[in-house]
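Each ligand, and each atom within it, is numbered from 1 in the order the structure gives. The figures here come from the full heavy-atom set of this structure, side chains too, leaving out hydrogens, waters and symmetry mates. Quick caveat, the model's predicted, so the values are computed rather than measured.
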Amino acid sequence: MKKSKRKYFQQQLSKLTAGQKRLLYKRAANIRKAAQVNAKNKRRAGRKEFKSMRSYDDTLNFQKPDRLDAVTIDDWALKVIEEEGINSLIEADSQLTDQHEYTDSRKGIVVFVEAGGCEVQSERENFFCLIGPEISMNQKSEIAVGDCVEFAFARDGTAVVQSVMPRKSRLSRPDPLKPGIERVIAANVDVAVVVASIKRPEIRPSLIDRYIIASERGGVKPVICVNKIDLIDKKGRGGELSVLEPYRQLGMEIVETSADERVGIDELKSLLADKMCVFVGHSGTGKTSLLNCILPDIKARVGSVHDTTGLGRHTTTNSCLYTAECGISVIDTPGIREFGIWKIEPEDLKWFFEEFNEYAEQCRFSNCSHTHEPGCRVKEALEEGRITRQRYESYLRILESIQEEGGY
Ligand SMILES: Nc1nc2c(ncn2[C@@H]2O[C@H](COP(=O)(O)OP(=O)(O)OP(=O)(O)O)[C@@H](O)[C@H]2O)c(=O)[nH]1
Ligand SMILES: [Zn+2]
């Protein structure tokens, strides 16, 4: 197949829905098998003409299956598109959907999840969808706010999620009650805004570190937002904000805000422009207040839900995605007091403390945990003031909790 032709068919292939692709590959696999059988039988019979076997009727309309230049299953799939066109696939898929009594398949993004159902935003409309049994078996880790899903409508108008697309990133924690289960707080986010407040409640660096670790593990960029700066008197600034120094040294982005006095809001907005973000942090730090400053139009957007099940709307205790006209999408999460780290081995933790790395290479033991070993260069760097005590102590505390709780 010519390169340009191949590219054209690949473009067509990328436009297919998951259901249509499934059909296409099934068909490609059948035809490939048929072609192989044909070729084999032809050789065996030693004659040019070969009648298709009944079980491989599939090949009847397919030109010269045994002489195609297709090799891989992808080649065969493209060949199917070339020979039969994508319309036949779309039609076959919709007939199949009819059989299962689902119609009008759509794609959307999950804005809210609750037991058995979720709210999905699709083309500026929100739909309450039930979640199919395979997905809901393991719901909280299988479907999360921010997930891209495909859903369709049953005859009675109920929307049902059919499939969840692979995630490009995730922010997870272990379930506080069942630590063996992963809870995905937010999926497909670009930035995690770790909201801390300078006072009421006070900044907890070790909690910030936990969020940084979880973000980096999940492929999310962490940003620190220190809120309530109106509560510090101007003279005391240096002292109260010194906890942020290690993060400045690491080159992290830090924004100082006051939701009450609307300080730093524009800076935060420009940092989040055109990004999918999640707001995380200790309870009461001002996440929702900040969100209201950034996205004043969100209330109107949350209101319009197509409640097709009659199960009603959610409470405010779960994560929720808000999208604004300005291009910012934010997932607000309920505040927490403790934040466990999802499945991290004690010996891997040190690598998440980036400033340790250059010294760790010079430790006497290559598997040094930087706690009790002789010849530990990280501890020397600590004494020399090259590594901050705040971060080192945070490392020890997290390490201890991981060791005690078996990784959670
Ligand atoms: N002084 C001051 N108070 C603030 C500021 N931002 C929020 N608050 C107050 O802090 C309290 C908690 O604010 P929320 O926005 O509900 O905090 P949250 O982080 O969403 O809390 P959770 O929902 O528990 O996670 C409220 O009483 C707010 O009025 C601020 O910039 N300055
Ligand atoms: Zn060491």
Those atoms of ligand 1 less than 4.0 Å from some heavy atom in Lys287: 15 (O), 17 (O), 18 (P), 19 (O), 20 (O), 25 (O)

Shortest protein heavy-atom distance from atom 12 (C) of ligand 1, along with the residue and atom involved: Gly284 O, 3.6 Å

Heteroatoms of the protein, restricted to N/O/S, which lie under 2.8 Å from the Zn ion (ligand 2): Cys363 SG, Cys368 SG, His370 ND1, Cys376 SG

Spacing of Phe356 atom CZ and Tyr392 atom OH [to the nearest 0.5 Å]: 7.5 Å

Side chains of Asn292 and Tyr322, donor plus acceptor under 3.5 Å: no

Ligand-residue contact atoms, ligand 1 with Ala259, heavy atoms, under 4.0 Å: 6 (N), 30 (C), 31 (O)

CD (Glu123) with more than 12 external heavy atoms under 6.0 Å: no

Ring geometry between Tyr395 and His370 (parallel below 30°, tilted from 30 to 60°, perpendicular above 60°): tilted

Protein residue, atom and distance nearest to atom 8 (N) of ligand 1, heavy-atom basis: Lys228 CE, 3.7 Å

Minimum non-hydrogen distance to atom 6 (N) of ligand 1, winning option of Asn292, Val195, Ile198, Asn227: Asn227

Ligand-side contact atoms (ligand 1) for residue partner Leu231, heavy atom cut-off under 4.0 Å: 1 (N)

Reported CG-to-CD distance for the pair Leu349 and Glu345, which is rounded to 0.5 angstrom: 11.0 Å

Numbered atoms and elements of ligand 1 in range of Ser258, under 4.0 angstrom, heavy atoms: 31 (O)

Nearest non-hydrogen protein atom, atom 29 (O) of ligand 1: Asp260 OD1, 4.4 Å

Best match, Thr288, Ile229, Thr333: closest heavy atom to atom 16 (O) of ligand 1: Thr288

Ion pair check, Arg397 and Glu400, cut-off under 4.0 Å: no

Minimum heavy-atom distance between Pro201 and Thr285, given as atom pair plus value: CG-CG2, 4.0 Å

Atom 7 (C) of ligand 1 [closest protein heavy-atom partner, distance rounded to 0.1 Å]: Ser289 OG, 3.3 Å

Selection residues 351-361 - residue pairs positive for salt bridge (Lys or Arg N to Asp or Glu O under 4.0 Å), sequence neighbours left out: Glu355-Arg391

Any non-hydrogen protein atom less than 4.0 Å away from atom 19 (O) of ligand 1: yes

Per-atom contacts of ligand 1 with Asp230, taking only distances under 4.0 Å to non-hydrogen atoms: 1 (N), 2 (C), 30 (C), 31 (O), 32 (N)

Residue pair Asn227 / Ser197, side-chain donor-acceptor N/O under 3.5 Å: no

Under-4.0 Å protein heavy-atom contact, atom 26 (C) of ligand 1: no

Atom 17 (O) of ligand 1 [closest protein heavy-atom partner, distance rounded to 0.1 Å]: Gly286 N, 3.0 Å

Residues, nucleotides or ligands: over 12 heavy atoms within 6.0 Å of Gln362 CD: yes

Rounded distance [0.5 Å steps], CG in Asp175 versus CD in Glu182: 11.0 Å

Closest protein heavy atom to atom 24 (O) of ligand 1, given as residue, atom name and distance to 0.1 Å: Ser283 OG, 2.7 Å

Arg248 bridged to Glu256 by N-O distance under 4.0 Å: yes

Nearest atoms (heavy-atom pairs only) where Pro222 meets Met252: O-CE, 3.6 Å

